[in-house]
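Worksheet: the structure to be examined is printed underneath.
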Amino acid sequence: MPELPEVEVVRRGLDRWVTGRIFADVEVLHARVVRRHEGSLRDDLIGEQIRCVSRRGKYLWMPLSNSCSALVAHLGMSGQLLMQSDSTPDEAHLRARFTFTDPGPELRFVDQRTFGGLMVAPLVGDGAGGQLPAIISHIARDPLDPAFDEVAFEMRLHARDTEIKRALLDQSLVSGIGNIYADESLWRARLHGRCRTGLLDGASVRVLLRHVRAVMSEALHQGGTSFDSLYVNVNGESGYFDRSLDAYGQEGEPCSRCGTLIERERFMNRSSAFCPRCQSIS
DNA sequence: CATAGATCCTGTATGC
DNA sequence: TGCATACAGGATCTAT
């Protein structure tokens, strides 16, 4: 599942391979991929040059040379952005193809479950001298963003009456965290996902954030190694970071801290893995 | 308004 | 063997 580290790996790859290139053609092979786009993606992109590749949380966008809009991408659950030679056979779940005016590789969007999407959207100021697509202005900065406001996050978290895991997954509070890194961060912080946010003091929140940053940084560091082919497997099965997981997917395995068997419970329509002994609910 | 739950989607794994 | 069901979950929409 692509969360912040995986999306950042993709961003770095795209930045190197598509920045400065000009769209020659766009082929949408599955209507659902552009369900949030009004009009023709092709018409809005042909002739536009990509200025750079940016990211906030799990969203990617490529500002265009018209200087007022960007191609926005979200990988959803299973999306991949791949650089491929035009002679490479189409992938089974190829949803969109972007070709360029130069002879370099084409860009493909492959997405088995079609939770991902593409759209061209207007850019607005981000309040700190930068720009971001208006459509994602509700997405909070992520914990690796230098402009992430830790104190403001603490206050918003404390004011909220909900469970801490739900809050971590709320992209309008803090972005980039998905089910895997939420479980890992909570395990490291010895917090149960159902712990109420109102019970956490500032120190606890800071410790939790420190673990969020650490686990994401470690995953990002390892993700860099599989990057040469410009292929990042984001279907949750491959996993260069799998060996480092202490909670996610570890149901029935002994907790690497105390030996108690990791348990799993359904929560928010998804699985939560945790150590029933280490992780406190209050 | 804030929070909780339902929903979309398809390949893989499991159960009978 | 074959069919049916459960499961994976990010973001958004709907309900309370």
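Since this is a predicted model, take the numbers as computed values, not measurements. Atom set for the values below is all heavy atoms of this structure, side chains included, hydrogens, waters and symmetry mates excluded. Throughout, protein chains are lettered first and strands after them, A, B, ... in sequence-line order, and every chain is numbered starting at 1.
Paired with A/Asp170 under the rule salt bridge (charged side-chain N to carboxylate O under 4.0 Å, His left out), one option of A/Arg156, A/Arg160, A/Lys165 passes, and it is A/Arg160. Residue A/Asp142 is tested with A/Arg213, A/Arg55, A/Lys58 for a salt bridge (charged side-chain N to carboxylate O under 4.0 Å, His left out); the sole match is A/Arg55.
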### Query
Using Watson-Crick and G-U wobble pairs with both distances under 3.5 Å, what is the 5'-to-3' dot-bracket string of DNA chain B, with [ ] for crossing pairs and | for pairs outside the strand?
.|||||||||||||||
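The residue among A/Arg264 and A/His74 whose nearest nucleotide of DNA chain C lies closer to the 5′ end is A/Arg264.
Within the 4.0 Å cut-off from OP1 or OP2 of B/dA2, not a single side-chain nitrogen or oxygen of A/Thr162 is found. Side-chain nitrogen and oxygen atoms of A/Tyr181 include none within less than 4.0 Å of the OP1 or OP2 phosphate oxygen of C/dG9. A/Arg36 has a side-chain polar atom (N or O) that falls below the 4.0 Å cut-off from OP1 or OP2 of C/dT12. At the phosphate of C/dT12, OP1 or OP2 sits under 4.0 Å from a side-chain N or O atom of A/His138. Between A/Arg35 and C/dA11 there is no side-chain N or O to OP1 or OP2 distance below 4.0 Å.
Note on A/Arg56 versus A/Asp145: no salt bridge recorded, every NZ/NE/NH1/NH2 to OD/OE distance being 4.0 Å or above. In summary, A/Arg257 and A/Asp246 do not engage in a salt bridge, as defined by a charged side-chain N under 4.0 Å from a carboxylate O. Salt bridge annotation for A/Arg206-A/Glu150: absent, with no cationic side-chain nitrogen under 4.0 angstrom from a carboxylate oxygen. Taking the charged nitrogens against the carboxylate oxygens, A/Asp161 and A/Arg196 do have a contact shorter than 4.0 Å, which makes a salt bridge.
Rounded to whole angstrom, the span from the CG atom of A/Asp170 across to the P atom of C/dA11 amounts to 10 Å. Nucleotide C/dG10 holds its C1' atom 15 Å from the CG atom of A/Leu118, rounded to whole Å. Between A/Tyr248 atom OH and C/dG9 atom C1' there is a gap of 8 Å when expressed in whole angstrom units. To the nearest angstrom, P of C/dG10 lies 11 Å from CD1 of A/Ile177. In this entry the distance linking CG of A/Asp111 with P of C/dA11 reads 13 Å, nearest Å. Atom P of nucleotide C/dA8 and atom CG of A/Asn179 are separated by 9 Å, given to the nearest angstrom. The separation between A/Phe267 atom CZ and C/dG10 atom P is 13 Å, rounded to whole Å. Computed from coordinates, the A/Arg196 CZ to B/dA2 C1' distance equals 12 Å when rounded to whole Å.
Applying the ring pair (Phe, Tyr, Trp, His ring centres under 6.0 Å) test to residues at least two apart or on different chains, the pairs with a partner in residues 251-278 of chain A are A/His192-A/Phe274.
Here the shortest heavy-atom pairing between A/Asn66 and A/Glu48 reads N-OE1, 3.1 Å.
Separating the OG atom in A/Ser175 from the CG atom in A/Leu144 is a distance of 9.5 Å, to the nearest 0.5 Å.
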### Message
What does the B/S/- profile of nucleotides 5-11 of chain B look like, 5' to 3', with a 4.0 Å heavy-atom cutoff to protein?
### Response
SBBBBBS
